[in-house]
Protein chains: 2
Amino acid sequence: MVNISTEDYLKAIYQINTEKNEAATTTEVACKLDISKAATTEMVQKLSERGFINYEKYKGVELTDEGKKIALQILRRHRLWELFLIKVLGLTWSEVHDEAERLEHTTSDLLINKIDEYLGFPDFDPHGSPIPDKFGVLPEMPALTPLSECDTGISYRIMLVNDASNELMNYFTSIGIELKTELYLSGRLDFDRTLFIEINGIRHPVTEKMAKHLFVEKV
Amino acid sequence: MVNISTEDYLKAIYQINTEKNEAATTTEVACKLDISKAATTEMVQKLSERGFINYEKYKGVELTDEGKKIALQILRRHRLWELFLIKVLGLTWSEVHDEAERLEHTTSDLLINKIDEYLGFPDFDPHGSPIPDKFGVLPEMPALTPLSECDTGISYRIMLVNDASNELMNYFTSIGIELKTELYLSGRLDFDRTLFIEINGIRHPVTEKMAKHLFVEKV
DNA sequence: TCCAAAAGTTAGGTATGCCTAATTATTTAT
DNA sequence: ATAAATAATTAGGCATACCTAACTTTTGGA
């Protein structure tokens, strides 16, 4: 059994908070971290005592300012590492996630600031996610729509790919999906909302679940 | 309390084995890792069961081939990171040790091999220590003498600086000691074996304990 | 050679972070 | 409004990796 760090809890809670725009439930946190709900309850109580989150029995959790600060620090480290590994060391889109997942916990402020500087203080990581600056401030981002909610018969540009599994990233790469890729959304099945997209004139099916990971803007 | 990893135990044992050229005692390991002798005994028993070390009650420990392989992998990661941080990201001699101490545990083979390649498969780290290659093989090294055992009235070149504390590294840097620095060993006190070295014509005292960390060859 | 000091091990205990099973609270559907 | 389903918490337990204190073995000097 590998112990999950405080940082991982705060990161998970931050992500859930951000996606839902409300308190994260015990179940959601447990599910994201792949541990039992009981373990989550226990840790959530401790994190609350330590002042990182606001927790009320049965009401879910939200980050305090202090918790948010730490979560943003971790996102900063994660995203800068991903960009660095791709741009400088030549790793691939599907390789960087797991690597960054480990490095983010063992990188000092000194080092991450050097990496930031080396990269020229970038605003976005290789998946299009915004990189918090050294003060924890996120760059401005345009409002994006998940491809799953888009209208057919229109062209879009991919602006953010939600970092899910290695396998999914590889699949996206294999059909030509990268950041800034333009695609034409040609149709959608009523049956199960499978989408059809065209990239460089080639048609690919995309399941609804996949499409929820692709965030686009109109071309 | 921060848990010490298997990797840290093997690394410590490797270093003691290498320095002494015989089995590491419980006390030495405990001291190096800053834990109790009891905890060391317990862990040493487990590592022995897992086949990483040969351990006999009251007789100290030595690495098995498997244990040695892991220790060399960690040294490889540590030393490549140190070089990378200095050469690519501009960290200083005194900053890299602690950083590498953490990164060495969270770096995949894939990543460390990319770093190795980026650096052009170097043989030595910034302290002059040999870097094991991807198969765990150490490069050839000339036999070096600790400055503490050298004769006075002769010039030497620093070929290896034993990575001790941050503070010591800073002090060395401040008096002009770097890798490949040439110095003239002008004298030694009978009183406490304090040495006097000259670098760029300036004379500095060096305690015997410090001098044990400096390994040199005749110019 | 033998005894005291040093080194090493064993015993017993603690904190952490996970687990499953049982219980309690909340939500949902009729 | 209430029962059933779902969600969350509590209770009790376990493994890990540390600790201190007590005991045993080894070593080194008179």
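Side chains included, hydrogens not; waters and symmetry mates left out as well; all remaining heavy atoms used. By convention in this document, chain letters (A, B, ...) are assigned in the order of the sequence lines, proteins followed by strands, and residues within each chain are numbered from 1.
Dashed line: the shortest gap from a side-chain N or O of B/Tyr9 to OP1 or OP2 of D/dC18 is under 4.0 Å. Considering only side-chain N and O atoms, A/Tyr55 lies nowhere under 4.0 angstrom from the phosphate OP1 or OP2 of D/dA8. B/Lys57 has no side-chain polar atom (N or O) that falls below the 4.0 Å cut-off from OP1 or OP2 of C/dA7. Residue A/Lys59 places none of its side-chain N or O atoms closer than 4.0 Å to OP1 or OP2 of D/dA7.
For the residue pair B/Thr25 / B/Glu28, a side-chain donor-acceptor distance below 3.5 Å is found, with atom types taken as modelled. Checked by atom type, the side-chain pair A/Thr194/A/Glu208 shows no donor-acceptor distance below 3.5 Å. Using modelled atom types, one finds a donor on one side chain and an acceptor on the other under 3.5 Å when comparing B/Asn170 with B/Ser94.
Among A/Asp116, A/Asp109, A/Thr107, the single residue meeting the side-chain hydrogen bond (donor to acceptor under 3.5 Å, both in side chains) criterion with A/Arg76 is A/Asp116. Of the candidates B/Ile158, B/Leu185, B/Leu144, B/Ile158 is the only one forming a side chain to side chain contact (heavy atoms under 4.5 Å, CB included) with B/Val216.
B/Glu42 comes within 4.0 angstrom of a base, heavy atoms only.
When each of D/dT10, C/dT9, D/dT9 is scored by its nearest atom to the side-chain atoms of A/Gln45, the top-ranked nucleotide is D/dT10. In the set D/dC18, C/dG8, C/dC18, D/dC18 carries the atom at the smallest distance from any side-chain atom of B/Ile4. Considering only side-chain atoms of B/Asn3, the nucleotide from C/dC18, C/dG8, D/dC18 that sits closest is D/dC18. Closest to the side chain of B/Ala38, from the set D/dA8, D/dC18, D/dC19, is D/dC19.
Counting to the nearest Å, the P atom of C/dG17 and the CG atom of A/Asp8 are 12 Å from each other. Computed from coordinates, the A/Met43 CE to C/dC19 C1' distance equals 15 Å when rounded to whole Å. Rounded to a whole Å, the NZ atom of B/Lys37 is 10 Å from the C1' atom of C/dT9.
In summary, the aromatic rings of A/His127 and A/His97 are positioned with their centroids too far apart to meet the 6.0 Å limit.
The stretch residues 15-36 of chain B comes close to DNA chain C through B/Thr25, B/Thr26, B/Thr27, each having a heavy atom under 4.0 Å from the strand.
In this structure, B/Arg50 contributes its side chain and B/Gln45 its backbone to no donor-acceptor pair below 3.5 Å.
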